[in-house]
Amino acid sequence: LDCATVLRFRRGRMTKHTPHKQTPARDAWSTPPEIAKYWVDRYFLQLDVCASAENRKCGDFYSAEDDGLAQPWDRRAWCNPPYSAITPWVRKALESKFHTVFLLPARTDSKWFHEITSSDRVSWYLSRGRIRFVPAEGVKASSPNHGNVIIVVSPAGVRGRGYCGGFDPRTGKPLDERC
């Protein structure tokens with residue numbers, strides 16, 4: 001057996017269980033519109049840095065062909081990046097001079113999570129439940145297997161508030177308006 005395959009016993013017989021892996025099809029899932037709308041309106045976001053014409057959350061957007069990482073983030077931005085490669089998006093936001101609001105998996109054990117949440121420019125909110133993402137065309141709908149986090153990176157020189165509590169996974173709204 002390879003390291004990615006875990007054997008387990010179920011109902012008296014051995015079955016294979018393959019842990020979740022991020023794939024291009026999974027990366028193409030879209031943020032539910034009501035979640036993005038709350039944050040886009042709250043921070044007057046103008047640019048979706050990782051989108052398509054069909055799933056963009058702002059008037060202006062960078063598609064995969066545009067390569068949002070190679071483009072300037074010269075306006076307030078929304079970002080739901082491919083979950084298979086989060087680190088470069090986090091680093092780009094930390095270099096930006098404008099607000100960036102992320103929707104990311106709550107992988108509190110990952111290096112990128114600690115890199116971004118240790119910045120004094122960041123406020124973050126953990127989901128109280130799981131978000132039902134919109135599957136890409138041709139992808140079978142399934143239940144999410146993780147919680148999420150909204151991370152707000154403030155402009156250079158503006159201090160964030162750190163952990164701000166939870167947010168509702170249906171509406172995107174914070175459960176406590178203290179931040």
Side-chain angles (χ1 to χ4, degrees), residues 22 26-27 29-52 55-62 66-134 144-179:
Q22 203 64 39
R26 286 189 179 272
D27 279 344
W29 288 51
S30 178
T31 305
E34 56 278 3
I35 291 175
K37 182 175 181 354
Y38 173 81
W39 296 96
V40 167
D41 291 350
R42 180 174 178 171
Y43 286 98
F44 306 101
L45 303 179
Q46 303 159 301
L47 176 66
D48 191 332
V49 297
C50 190
S52 68
N55 72 13
R56 67 184 175 165
K57 304 304 180 211
C58 300
D60 293 331
F61 70 98
Y62 294 141
D66 297 325
D67 185 3
L69 288 171
Q71 302 298 324
W73 291 13
D74 55 0
R75 291 166 275 170
R76 295 178 300 273
W78 168 262
C79 186
N80 180 5
Y83 287 4
S84 62
I86 294 170
T87 302
W89 299 92
V90 163
R91 290 185 177 153
K92 179 93 174 184
L94 291 170
E95 294 169 2
S96 175
K97 295 178 182 166
F98 297 89
H99 273 102
T100 303
V101 179
F102 281 102
L103 175 60
L104 297 169
R107 295 184 186 148
T108 60
D109 59 337
S110 65
K111 289 180 184 178
W112 65 259
F113 184 86
H114 289 272
E115 184 175 340
I116 197 166
T117 59
S118 66
S119 169
D120 66 353
R121 294 173 45 207
V122 169
S123 304
W124 52 285
Y125 307 77
L126 291 170
S127 62
R128 294 277 172 94
R130 295 184 177 172
I131 293 173
R132 305 293 275 175
F133 286 89
V134 179
N145 62 357
H146 56 77
N148 287 86
V149 61
I150 297 281
I151 298 178
V152 179
V153 181
S154 296
V158 178
R159 191 164 176 78
R161 298 196 175 203
Y163 177 62
C164 291
F167 74 91
D168 184 321
R170 293 176 313 268
T171 65
K173 294 180 181 176
L175 299 174
D176 181 355
E177 287 292 334
R178 63 186 163 135
C179 285

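In this chain, residues are counted from 1 in sequence order. In what follows, every heavy atom counts, from backbone to side chain, and hydrogens, waters and symmetry copies are set aside.
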Does the side chain of [Y] come within less than 4.5 Å of [X]'s, by heavy atoms?
X: Leu103; Y: Tyr83; result: yes
X: His146; Y: Pro105; result: yes
X: Val122; Y: Ser154; result: no
X: Pro169; Y: Asn148; result: no
X: Ile86; Y: Arg107; result: yes

*For Asp66, check side-chain hydrogen bond (donor to acceptor under 3.5 Å, both in side chains) against everything at least two apart and list the hits.*
Ser63
*Restricting to pairs with a member in residues 146-167, which pass salt bridge (charged side-chain N to carboxylate O under 4.0 Å, His left out), not counting sequence neighbours?*
Asp120-Arg159
*asked:* Tell me which pairs pass salt bridge (charged side-chain N to carboxylate O under 4.0 Å, His left out) where either residue lies in residues 79-97, with sequence neighbours left out.
replied: Arg91-Glu115
*asked:* Applying ring pair (Phe, Tyr, Trp, His ring centres under 6.0 Å), can you list everything that pairs with Trp39, at least two apart in sequence or on another chain?
replied: Tyr125
*Verdict with supporting geometry, Tyr38 and Thr171, side chain to side chain contact (heavy atoms under 4.5 Å, CB included)*: CA-CA 7 Å; Tyr38 173 81; Thr171 65; over 6 Å; no
_Tell me which pairs pass side chain to side chain donor-acceptor pair (under 3.5 Å) where either residue lies in residues 69-78, with sequence neighbours left out._
Asp60-Arg75
Heavy-atom closest pair, residues [X] and [Y]:
X: Arg42; Y: Pro174; answer: NH1-CG, 3.4 Å
X: Pro82; Y: Cys50; answer: CD-SG, 3.5 Å
X: Arg128; Y: Leu175; answer: CG-CD1, 3.1 Å
X: Cys79; Y: Thr100; answer: CB-CG2, 4.3 Å
X: Ile151; Y: Trp112; answer: CD1-CZ3, 4.4 Å
X: Ile35; Y: Gly172; answer: CG1-N, 3.8 Å

*Can you name the one residue among Asp48, Asn80, Asn55 that meets side chain to side chain contact (heavy atoms under 4.5 Å, CB included) with Thr31?*
Asn80
*Test Trp124 against every option in Phe102, Phe167, Phe113 by the ring pair (Phe, Tyr, Trp, His ring centres under 6.0 Å) rule and name the one that passes.*
Phe113
_Which residues pass the disulfide bond (SG atoms under 2.5 Å apart) test with Cys164, not counting sequence neighbours?_
Cys179
*Kindly say whether Thr108 contributes a backbone atom to a donor-acceptor pair with the side chain of His114 at under 3.5 angstrom?*
yes
